[in-house]
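Beneath this line is the structure, given in structure tokens, with notes to follow.
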Amino acid sequence: QVQLMESGGGLVQAGGSLRLSCVDSGPAFSLYTVGWFRQAPGKEREFVAAIDWRDGQTSYVDSMKGRFTISRDNAKNTVYLQMNSLKPEDTAVYSCAAVYMGRVTPMIQSYDYWGQGTQVTVSS
């Protein structure tokens, strides 16, 4: 059973950086494709980035390319989201999600397991 837990959120000034972590306590995390999503108040949940289980292929939403980087360390059962040059509009709850041996996809319904999320607040 996959149990995802996010950490690393917080309050940061515009232009700053944060690194989010998504940790799973199970033994087979390396077999899961993992995505990061975010939801701002009053808005729909949206895709941020994802990383493939097999070859580490990554995918990003266009607006975040060059600012956000997703990576994984299978030895630590962790997927990271490095966020640089943060903007106030990046303020949201960020959640990670996983799908067993799945393809990288921005589709929310493709992911089977979700964490509780971590709040990121960017002040202007």
Side-chain angles (χ1 to χ4, degrees):
Q1 183 72 19
V2 175
Q3 291 187 315
L4 305 175
M5 181 170 294
E6 304 92 339
S7 63
L11 174 63
V12 64
Q13 288 188 331
S17 299
L18 285 173
R19 187 177 77 161
L20 306 183
S21 298
C22 172
V23 179
D24 172 50
S25 57
F29 192 53
S30 62
L31 299 179
Y32 287 79
T33 286
V34 176
W36 282 98
F37 295 80
R38 71 183 187 184
Q39 187 167 21
K43 294 188 176 181
E44 298 284 323
R45 179 175 284 175
E46 64 174 345
F47 172 74
V48 174
I51 187 164
D52 187 82
W53 70 274
R54 180 162 44 190
D55 58 9
Q57 174 191 355
T58 58
S59 177
Y60 298 89
V61 67
D62 285 345
S63 61
M64 297 169 207
K65 282 182 181 177
R67 295 195 300 126
F68 291 8
T69 303
I70 189 171
S71 62
R72 69 189 302 157
D73 184 341
N74 288 332
K76 296 182 178 179
N77 275 16
T78 303
V79 169
Y80 302 100
L81 184 68
Q82 178 67 45
M83 306 187 295
N84 298 327
S85 302
L86 283 163
K87 306 174 183 179
E89 51 264 43
D90 293 318
T91 295
V93 174
Y94 286 71
S95 301
C96 62
V99 55
Y100 181 68
M101 297 179 73
R103 293 177 177 269
V104 165
T105 174
M107 304 299 290
I108 293 171
Q109 59 267 33
S110 296
Y111 294 84
D112 298 315
Y113 303 96
W114 291 82
Q116 294 293 318
T118 185
Q119 176 70 47
V120 171
T121 303
V122 185
S123 63
S124 57

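If you're wondering where the values come from, they're calculated on a predicted model, not measured in any experiment. Only this structure's heavy atoms are used, side chains among them; waters, hydrogens and symmetry mates stay out. All residue numbers refer to positions in the sequence shown, counting from 1.
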If you round to the nearest 0.5 Å, how far is [atom2] of [Y] from [atom1] of [X]?
X: R54; Y: S30; atom1: CZ; atom2: OG; value: 12.5 Å
X: S21; Y: Q82; atom1: OG; atom2: CD; value: 9.5 Å
X: S124; Y: Q13; atom1: OG; atom2: CD; value: 9.5 Å

Are any non-hydrogen side-chain atoms of [X] and [Y] less than 4.5 angstrom apart?
X: Y100; Y: D112; answer: no
X: M83; Y: Y94; answer: yes
X: T69; Y: Y60; answer: yes
X: L81; Y: F68; answer: yes
X: S95; Y: E6; answer: yes

Expected output: side-chain [X] to main-chain [Y] donor-acceptor under 3.5 Å:
X: N74; Y: N77; result: no
X: T91; Y: T121; result: no
X: Q57; Y: I51; result: no
X: T33; Y: W53; result: yes

I need the minimum non-hydrogen distance between [X] and [Y], along with the two atoms involved.
X: V104; Y: A50; value: CG1-CB, 3.8 Å
X: S85; Y: S17; value: N-OG, 4.3 Å
X: A14; Y: P88; value: CB-CD, 4.1 Å

- prompt: How would you list all residue pairs meeting disulfide bond (SG atoms under 2.5 Å apart) that involve residues 56-124, not counting sequence neighbours?
  reply: C22-C96
- prompt: Among side-chain atoms of D73 and T78, is any donor-acceptor pair under 3.5 angstrom?
  reply: no
Indicate if [X] and [Y] have the same hydrophobic cluster label, given that clusters are the connected sets of ILVMFWY residues with side-chain heavy-atom separations under 4.5 angstrom.
X: L86; Y: F47; value: yes
X: V34; Y: L18; value: yes
X: V120; Y: V61; value: yes
X: W114; Y: M5; value: no
X: V99; Y: V48; value: yes

query: With a 6.0 Å cut-off on ring centres, are F37 and Y111 close enough?
result: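 Yes.
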- prompt: Is it the case that R72 places NZ or CZ above or below the six-membered ring of Y32, under 6.0 angstrom from the centre and within 45 degrees of the axis?
  reply: no
query: Which residue pairs pass the salt bridge (Lys or Arg N to Asp or Glu O under 4.0 Å) test when at least one of the two sits in residues 81-92, sequence neighbours left out?
result: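 Those involving residues 81-92 are R38-D90, R67-D90.
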- request: Before giving the answer on side chain to side chain contact (heavy atoms under 4.5 Å, CB included), spell out for I70 and V79 the whole-Å C-alpha distance, their side-chain angles and the decisive distance to 0.1 Å.
  value: CA-CA 7 Å; I70 189 171; V79 169; 3.8 Å; yes
